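Here's the structure we're looking at; comments come further down.
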Protein chains: 2
Amino acid sequence: MPPSRQRNANTESVDNYLKAILALSGPEEQRVSSTSLADRLGVAPASVTNMLQKLASSLLPLVEYERHRGVLLSAAGKRRALEVLRHHRLIETFLYEVLDYPLEEVHEEAERLEHFISERFEERIAVKLGHPKFDPHGHCIPAMDGKMPKQISVPLTDLREQGTFVVDSVSDQDALLLRRLRAHGITPGARLQVASRPPDDFVLRTSGVSKALHLSRDLAAAVRIRSAH
Amino acid sequence: MPPSRQRNANTESVDNYLKAILALSGPEEQRVSSTSLADRLGVAPASVTNMLQKLASSLLPLVEYERHRGVLLSAAGKRRALEVLRHHRLIETFLYEVLDYPLEEVHEEAERLEHFISERFEERIAVKLGHPKFDPHGHCIPAMDGKMPKQISVPLTDLREQGTFVVDSVSDQDALLLRRLRAHGITPGARLQVASRPPDDFVLRTSGVSKALHLSRDLAAAVRIRSAH
DNA sequence: CTAATTCATTAGGCGCGCCTAAATATGGCG
DNA sequence: CGCCATATTTAGGCGCGCCTAATGAATTAG
Ligand SMILES: [Mn+2]
Ligand SMILES: [Mn+2]
Ligand SMILES: [Mn+2]
Ligand SMILES: [Mn+2]
């Protein structure tokens, strides 16, 4: 009755470490420190060290790890991290499109389910959704082969000039921020006119709303934009 | 990032014990022995004793347990078992109806996911499916309040007279059996004509198939029937 | 270039859910 | 009734993933 799980000796915890390393190492694939991982995962640094040693010394090592110099995903580790990320974002899209979840609730559910769905489930929802390329936050969904195009967007808080832009994506990490952004019409694809001198102040105009909008730093940090070309 | 899970201090393992006790105690709610649980769950008898003691001695005991006399669900335990069973059967229905799973694959996936979906997910798929009363095996889905009507069907192997019947439900426990039953047209709702003297021999005729069909005992044991009224 | 600070690892321990081997109840039978 | 086979529980241990406290390495400041 209790199903096997543990597909590849990959446990929920292992998957979460891999995903965190992927996210923290960034597009440049820089080494990730134990503390930053500990912060992100909400565990003690000692626990991280422990896990990294295990991941590095298994038969098929999932990370490259050197004492005191941080950690990097191995090829196998990156493959798995992208697989889980694909699950996550497909599930988010599915919850949003098919099950009518409010945007700010999809992340938490996906964070759990991503570890437990089968390859069949992944494939079936991908078909149902027409093999989507983006999740409802505007994040790119890795393809089956692990390929994922680089983001061309920048954080709103990195902006240095005024202008008109398009909301590329919003962070999925904080449901409350997300709800406030949505209330202000800031959702992926929305047109955004920045009318103040960033990055100290964010006075915005969104399409359809005449009143100017002053964005707190918290909220601005959760938004990525690209040119309105 | 790692979500809380452990909704009610109920772990995947605990849920599986509760479901197994529910299934084994039957409609009469008889006490369940350690060995039968160990068999069903695929664990050692000692592990069962261990778990039962824990379940019985928590603040809100999930079972009533007396050394050497087996175990019964408490009110709270039964509530939780039915909740998980509802998840299981709703998920099966969802996989079958919405994601076009083959019947014999829904059980394994549901067995995993039942422990990890949220109340919101449960509610959303129930709505999507129009609050179904039966899963694709023909099993009754417990209602939100835990109510579940008694089954009026009997195992095909309990049959003592010939006659024409309707397939009430098929067992979800063995994918291979299930596939063979389906290949023979034996699915919930199918009309079934029993032309031999049960329970030694099962020669059947199903609607639309002219050739008589001899069912092995394995297969017959996986089928429940009711009168064709 | 040493000293202080910060970061990371080691040491020791805990709860969970499982295991095997060794007791110990229980229930049926002679 | 007492003995035996079987069912069940106890005892002792293991891997996982986490924790705290103590130690050690690296980096920065003086
Ligand atoms: Mn997310
Ligand atoms: Mn996760
Ligand atoms: Mn099932
Ligand atoms: Mn299960």
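We name chains A, B, ... by the order of the sequence lines, and we start the count at 1 in each one. Just so you know, these numbers come straight off a predicted model, no measurement behind them.
Across all strands shown, S47(B) has heavy atoms under 4.0 Å from base atoms, whether or not it also approaches the sugar-phosphate.
Taking the ring centroids of H115(A) and H87(A), they lie at or beyond the 6.0 Å cut-off.
Contacts between residues 64-72 of chain A and DNA chain C, defined by a heavy-atom separation under 4.0 Å, are made by Y65(A), R67(A), H68(A).
In terms of modelled atom types and a separation under 3.5 Å, the side chain of S74(A) and the main chain of G77(A) share a donor-acceptor contact. Put simply, the side chain of R224(A) never gets that close to the backbone of S169(A): no donor and acceptor are under 3.5 Å apart.
Listed by chain and number, the residues in a salt bridge (charged side-chain N to carboxylate O under 4.0 Å, His left out) with R179(A) are E104(A) (sequence neighbours excluded).
When distances run from any side-chain atom of A46(A) to the nucleotides dT9(D), dC18(C), dA11(C), the shortest one goes to dA11(C). The nucleotide whose nearest atom lies closest to any side-chain atom of P45(B) is, among dT9(D), dG17(D), dC19(D), dT9(D).
Between the CG atom of L52(A) and the P atom of dC7(C) there is a distance of 17 Å, given to the nearest Å. Computed from coordinates, the L41(B) CG to dG17(C) P distance equals 13 Å when rounded to whole Å. Taking atom CG on D15(B) and atom P on dG17(C), their separation rounds to 11 Å, with Å as the unit. Protein atom CG of L37(A) is 12 Å distant from nucleotide atom P of dC18(D), rounded to whole Å. As rounded to whole Å, 17 Å separates atom P of dG15(C) from atom CD of Q53(B). The distance between atom CG of N50(B) and atom C1' of dC14(D), rounded to the nearest whole Å, is 14 Å.
Legend: ring-ring contact (aromatic ring centres under 6.0 Å, His included) pairs involving residues 132-153 of chain B, not counting sequence neighbours, sorted by first then second residue: H137(B)-H139(B).
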